[in-house]
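When a ligand or atom number is given, it counts from 1 through the structure's own listing order. Quantities reported herein were computed from a predicted structural model and do not represent experimental measurements. For the numbers below, each heavy atom of this structure counts, side chains included, while hydrogens, waters and symmetry mates do not.
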Amino acid sequence: MEKEIKCPLYKKCGGCQIHNLDYEKQLEFKMRKVVKLLGKFHHVNKIIGMDNPYHYRNKVQAAFGRDKHNRIISGVYQSSTHKIVPVDSCLIEDIKADEIIVTIRKLIKSFKLKPFDDNNMTGFLRHVLVKRGFSSGEIMVVLVTGTQEFKSKRSFINALLSRHPEITTIVQNINNRHTSLVLGDKSIVLYGNGTIKEQLCGYTFTISPKAFYQINPIQTEVLYNKAMEFAEISKDDIVIDAYCGTGTIGIIASKYAGRVIGVELNPDAVRDARKNAKINNVENIDFICDDAGKYMVRLAEESLKADVVIMDPPRAGSDINFLKSVVKLSPKKVVYVSCNPETLKRDLTYLSKNKYKVRKIQPVDMFPHTEHVECVVLMSRVEK
Ligand code: SAH
């Protein structure tokens, strides 16, 4: 591993809660956390860390505003506040994305465009979101604006592209509501096709402004390969990819499976997932846009069969309807990918009381320097 580098904004920003620890110590911290929460279910495998735990974030977001001297600033909100900590470069963010954000800040000043002011809901630029394809090199810039009107739009875009010809698409997203969400409902493509491509485990994926996509490309491969290894899918298995996002896990699983069904609530993600299946010529997969719990209840009521359920819910974990239906459907295996060991513990407790036993637990460090830890867990049905 490279020499430890320390961030001068560590205390002010609050995004990297355990940055004060050397990387090896961070891994030990996460390992202890997982063992404490999940150790009663099974032995926990050693956490898989990164060789170079810096600049891994391929999605970078900056809020725009003014400091007390009225200068335009861009950066991150201080943890649980609405105060912007100015950031020009960050140790965990993609370097190119940070450079683009700094350029935009300089450009809006010279174009006399105003940063948005949340207090009186005036001004123009609220946030900039940059997503970068790690293996494709493609770059998307999303300008989140408080108004649709965009003064000197063409010249602004041209100025940005002349400084960063590596940008492959630019999108304007309009968010004029009083909200802590970054993106609004309406997007207008200003340059390129509005999406970027990324390669993962040998497949190509489309990433759009709104759909969820894992933010650490190197560790995502590690995580998904583990999930596949645990699932041991065979050719006539029916696999459910629940909370499937843009279909990544399901598409990767499709080559081992008979049939895959992906379930996802966000319509943008489902649209991307269908597109992704097409780009990769995957024909044994279908995507359903629905609440994963409701869909599973329906499957269970229709007494359909599923051999493997792979689930990757958001931080809140799964819900009781979903878990009850898993038990009713009774797949041989459940592979649970989780970004929150607390809700994972809650859900494993339920499944452990209902026909399932934990067989493997693998933590993966997807978010170095932060307190977060990802886990893949294999459970299998206990035969009577
Ligand atoms: N497996 C994907 C996405 C995981 S993130 C990947 O690795 O890329 C969790 C996903 O669950 C998000 O795409 C979110 O939109 C979706 N989601 C949240 N609540 C849901 C629900 N109740 N039913 C179905 N999907 C849901």
The reported gap from NZ in Lys112 to CG in Leu107 (rounded to nearest 0.5 angstrom) is 13.0 Å
Taking only non-hydrogen atoms of Gly245 and a 4.0 Å limit, the atoms of ligand 1 in range are 2 (C), 3 (C), 13 (O)
Would you find a donor on one side and an acceptor on the other, under 3.5 Å apart, between the side chain of Asn175 and the backbone of Thr145? no
Note: Thr248, heavy atoms under 4.0 Å from ligand 1, region reported as side chain
For atom 25 (N) of ligand 1, the closest protein heavy atom turns out to be Leu265 N, 3.2 Å
Within the 4.0 Å heavy-atom cut-off, what Asp290 brings close to ligand 1 is backbone
Under 4.0 Å between heavy atoms, the region of Ala242 that gets near ligand 1 turns out to be neither
Q. Judged by atom type as modelled, is there a donor-acceptor pair below 3.5 Å linking the side chain of Arg315 to the main-chain atoms of Cys339?
A. yes
Candidates Gly262, Pro314, Ala292, Gly247; heavy atom nearest atom 19 (N) of ligand 1 found on Pro314
Separation between NZ (Lys278) and CZ (Arg274), nearest 0.5 Å, reads 10.0 Å
inquiry  = Quiz question: by atom type and distance under 3.5 Å, do the side chains of His82 and Asp118 form a donor-acceptor pair?
reply    = yes
Next item on the list: Could you tell me whether Asp237 and Lys332 have a side-chain N and a carboxylate O separated by less than 4.0 Å?
Entry: yes
### Query
Checking Asp272 side chain against Ile207 main chain: does a donor-acceptor pair fall under 3.5 Å?
no
Of all protein heavy atoms, the one nearest atom 10 (C) of ligand 1 is Glu264 OE1, 3.6 Å
The closest protein heavy-atom partner of atom 22 (N) of ligand 1 is Asp291 OD1, 2.8 Å
Atom 11 (O) of ligand 1: closest protein heavy atom, distance to 0.1 Å, is Tyr243 CB, 3.4 Å
To the nearest 0.5 Å, atom CG of Leu37 lies from atom NZ of Lys345 at 5.5 Å
### Message
Could you check whether any heavy atom of Phe322 sits closer than 4.0 Å to an atom of ligand 1, since that is the contact criterion I want to use?
### Response
no
query: Do the side chain of His19 and the main chain of Cys7 share a donor and acceptor less than 3.5 angstrom apart?
result: yes
If we number the atoms of ligand 1 from 1 as shown, the ones under 4.0 Å from a heavy atom of Tyr224 are 6 (C), 7 (O), 8 (O)
- Query: Within less than 4.0 angstrom of ligand 1, does Ala269 place any heavy atom?
  - Reply: no
Taking only non-hydrogen atoms of Thr246, do any sit less than 4.0 angstrom from ligand 1? no
For Tyr23 and Asp365, which I'm curious about, is there any donor-acceptor pair between the side chains at under 3.5 Å?
yes
Counting from 1 in the order shown, the ligand 1 atoms closer than 4.0 Å to a non-hydrogen atom of Gln214 are 7 (O)
For atom 9 (C) of ligand 1, the closest protein heavy atom turns out to be Asp312 O, 3.4 Å
